[in-house]
K.L.:
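Take a look at the following structure, please.
In what follows, every chain begins at residue 1, and chains take the letters A, B, ... in the order their sequences are listed. The basis for the numbers below is simple: all heavy atoms, side chains too, and nothing from hydrogens, waters or symmetry mates.
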2 protein chains.
Amino acid sequence: MPKRVDHAERRTEIAEALVRVAGRRGLHAVGMRDVAAEAGVSLRLVQYYFETKEKLLLFGLEHLTGKFGERLAARIRAAGDGPGPRAMVEALLMTALPTDEESRIFHHLYTSYAVLAVTDRTLAAQPFIKDPDAAERALTDILRQAQAADLLQPGVDSQLTAAGLLAMSAGLGTSILVGQRSPESAAAVLDDHLDRIFRSVDAAA
Amino acid sequence: MPKRVDHAERRTEIAEALVRVAGRRGLHAVGMRDVAAEAGVSLRLVQYYFETKEKLLLFGLEHLTGKFGERLAARIRAAGDGPGPRAMVEALLMTALPTDEESRIFHHLYTSYAVLAVTDRTLAAQPFIKDPDAAERALTDILRQAQAADLLQPGVDSQLTAAGLLAMSAGLGTSILVGQRSPESAAAVLDDHLDRIFRSVDAAA
DNA sequence: CCTTTCATGGTACAGCCGTATCAACATCGT
DNA sequence: ACGATGTTGATACGGCTGTACCATGAAAGG
């Protein structure tokens, strides 16, 4: 056998090139040639590793969500060592906001994919869009634990609250993305709502 | 002068054709020829009334937001005759959810435009995206009135709450759009949060 | 009536897209 | 060493896109 190149790694490199250029010019404006140029390889090579554009996009989405999932998990883990459930919830929700460049790109492209998924059944069947309950379940669990520890206001429904907080976080995210709102004000909005869910005692850092 | 046709009306017809076909196949997949066919006119006519595709898209967005604004205003007015502030707030937020086909299309295309606005400065400068504070101000006012009438829970910040509710509504909207959530469960989430903002007395229809 | 002006239609032109084809190169098994 | 095979490159093709061009029809003003 010849040259022996790690296919998985190459595919990852190309997918990251896709993410970079799509984040810069928009997913709709990205072509195979752009990806190839960004990755510093020939067009043919992109075709070689991803036979078709659709497969490239699909893999790019996987890669994107994968990296974001890791990032999220890391932040939650870091917050887990900290003061309490509220810090974990804040970490989770704040990570979901497009604050730095990486999360901005994630939000941008995730939303792009979501829009495409409305009219593309292949995309709609992807797990990221099909099973986002993962985040919801995780948040629900955290809230339940907090509730068991009597850290929440009375009458809080963990599941509905988790769903609402995630939706709010997503909505704030796109607001930030299009420049309607600053990350700081979005954080203020989230905090205000958390104040109405957690008992006030817990507020400390 | 010749035939005398109401230009504004024709432009509206074509814009509605654009909205229809874009709602069906996605904004990214819409071409001039598709719009012409959908409107039952020739390609040249579309070019005649909108010199360029960009102008067509811009006008389509105006039309879309205009119609949606009217719809929203009508619902709020209808709810205004009703029982109280909470009903108005619910009307406003529920109208923003993609329940029927018309609002689904609105959400779909609005999000499409928002994504494009991330990389297109002309689109980003459009008022719809530049000044969506209209809805936020309106909701804030309603909440303030409710607060003055002592209908809210103590410690509610009208502005932050309004922003949060709108963001949550938007987030729930896209969840519905991509099929992650049913309109009913989204309504439940919203109601749950309103329960934590309004005093319980007000709950009746 | 007849010309001017608006309105409309058909069609052609570059340019870009994704994909396929053809060819060369490098490396590993034998 | 040598052929087989995984890997890379250059280029061509058909289809689609937005836009521009040319021509015709229809109605109001002289």
K.L.:
I need the NZ-C1' distance between A/Lys55 and C/dG18, as an integer number of Å.
P.N.:
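A/Lys55 atom NZ is separated from C/dG18 atom C1' by 14 Å.
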K.L.:
Measure from the side-chain N and O atoms of B/Glu38 to the backbone N and O of B/Ala17, and report whether any donor-acceptor pair falls under 3.5 Å.
P.N.:
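Looks like no, no N/O pair under 3.5 Å.
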K.L.:
When all nucleic acid strands are considered with a 4.0 Å heavy-atom cut-off, which category describes B/Phe50: base, sugar-phosphate, or nothing?
P.N.:
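Counting heavy atoms under 4.0 Å across all strands, no contact is made by B/Phe50.
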K.L.:
Rounded to whole Å, please give me the gap between OH in A/Tyr48 and C1' in D/dG9.
P.N.:
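Answer to the nearest Å: 13 Å.
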K.L.:
What pairs of nitrogen or oxygen atoms, one from the protein and one from nucleotides 20-24 of chain D, lie under 3.5 Å apart?
P.N.:
residue: D/dA20; atom: N7; partner: B/Gln47; partner atom: NE2; Å: 3.1
residue: D/dA20; atom: N6; partner: B/Gln47; partner atom: OE1; Å: 3.1
residue: D/dC21; atom: N4; partner: B/Arg44; partner atom: NE; Å: 3.0

K.L.:
Where do B/Asp192 and B/Arg196 land on the salt bridge (charged side-chain N to carboxylate O under 4.0 Å, His left out) test, with the steps shown first?
P.N.:
CA-CA 7 Å; B/Asp192 178 67; B/Arg196 207 156 304 110; 3.4 Å; yes
K.L.:
In whole Å, I'd like the distance from the NZ atom of B/Lys53 to the C1' atom of D/dC16.
P.N.:
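Answer to the nearest Å: 11 Å.
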K.L.:
Given C/dC6, is OP1 or OP2 found less than 4.0 Å from the side-chain N or O atoms of B/His7?
P.N.:
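The answer is no; no side-chain N or O of B/His7 sits under 4.0 Å from OP1 or OP2.
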K.L.:
A/Tyr49 OH to D/dG6 P: how many Å, rounded?
P.N.:
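Whole-Å distance recorded here is 12 Å.
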K.L.:
Only pairs at least two apart or in different chains count here, so list each ring pair (Phe, Tyr, Trp, His ring centres under 6.0 Å) that has a residue in residues 69-99 of chain B.
P.N.:
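Of all non-adjacent pairs touching residues 69-99 of chain B, none passes ring pair (Phe, Tyr, Trp, His ring centres under 6.0 Å).
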K.L.:
Going by the salt bridge (Lys or Arg N to Asp or Glu O under 4.0 Å) test, which pairs reach into residues 93-116 of chain A, not counting sequence neighbours?
P.N.:
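Of all non-adjacent pairs touching residues 93-116 of chain A, those that pass salt bridge (Lys or Arg N to Asp or Glu O under 4.0 Å) are A/Arg71-A/Asp100, A/Arg71-A/Glu102.
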K.L.:
Does C/dG18 have OP1 or OP2 sitting under 4.0 Å from an N or O in the side chain of A/Thr52?
P.N.:
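Answer is no, no contact under 4.0 Å.
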K.L.:
If you look only at distance, which donor and acceptor atoms sit under 3.5 Å apart when one is on a side chain in residues 46-60 of chain A and the other is two or more places apart or in another chain?
P.N.:
residue: A/Glu51; atom: OE1; partner: A/Lys55; partner atom: NZ; Å: 3.0
residue: A/Lys53; atom: NZ; partner: A/Val30; partner atom: O; Å: 3.1

K.L.:
Whole Å only: how far is the CG atom of B/Leu45 from the C1' atom of C/dA7?
P.N.:
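Answer to the nearest Å: 8 Å.
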K.L.:
Among all residues two or more places apart in sequence or in another chain, which pass the side chain to side chain contact (heavy atoms under 4.5 Å, CB included) test with B/Met88?
P.N.:
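Applying side chain to side chain contact (heavy atoms under 4.5 Å, CB included) to B/Met88 gives B/Ile76, B/Ala79, B/Ile142.
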K.L.:
Return the set of residues passing side chain to side chain contact (heavy atoms under 4.5 Å, CB included) with A/Thr174 (not counting sequence neighbours), or none when no residue passes.
P.N.:
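Only A/Thr111 meet the side chain to side chain contact (heavy atoms under 4.5 Å, CB included) criterion with A/Thr174.
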K.L.:
Can you tell me which residue pairs pass the side chain to side chain donor-acceptor pair (under 3.5 Å) test with a partner in residues 27-37 of chain A, sequence neighbours excluded?
P.N.:
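Residue pairs passing side chain to side chain donor-acceptor pair (under 3.5 Å), neighbours aside: A/Arg25-A/Asp34.
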K.L.:
Near DNA chain D, counting only heavy atoms under 4.0 Å, which residues of residues 10-34 of chain A show up?
P.N.:
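Result for residues 10-34 of chain A: A/Arg10, A/Arg33, sorted by number.
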K.L.:
Looking at residues at least two apart in the chain, or sitting in another chain, which of them share a ring-ring contact (aromatic ring centres under 6.0 Å, His included) with A/Phe106?
P.N.:
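A/Phe106: ring-ring contact (aromatic ring centres under 6.0 Å, His included) contacts with A/Phe68, A/Tyr110.
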K.L.:
How long is the line joining CG of B/Leu56 and P of D/dG18, in whole Å?
P.N.:
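Rounding to the nearest Å, CG of B/Leu56 and P of D/dG18 are 10 Å apart.
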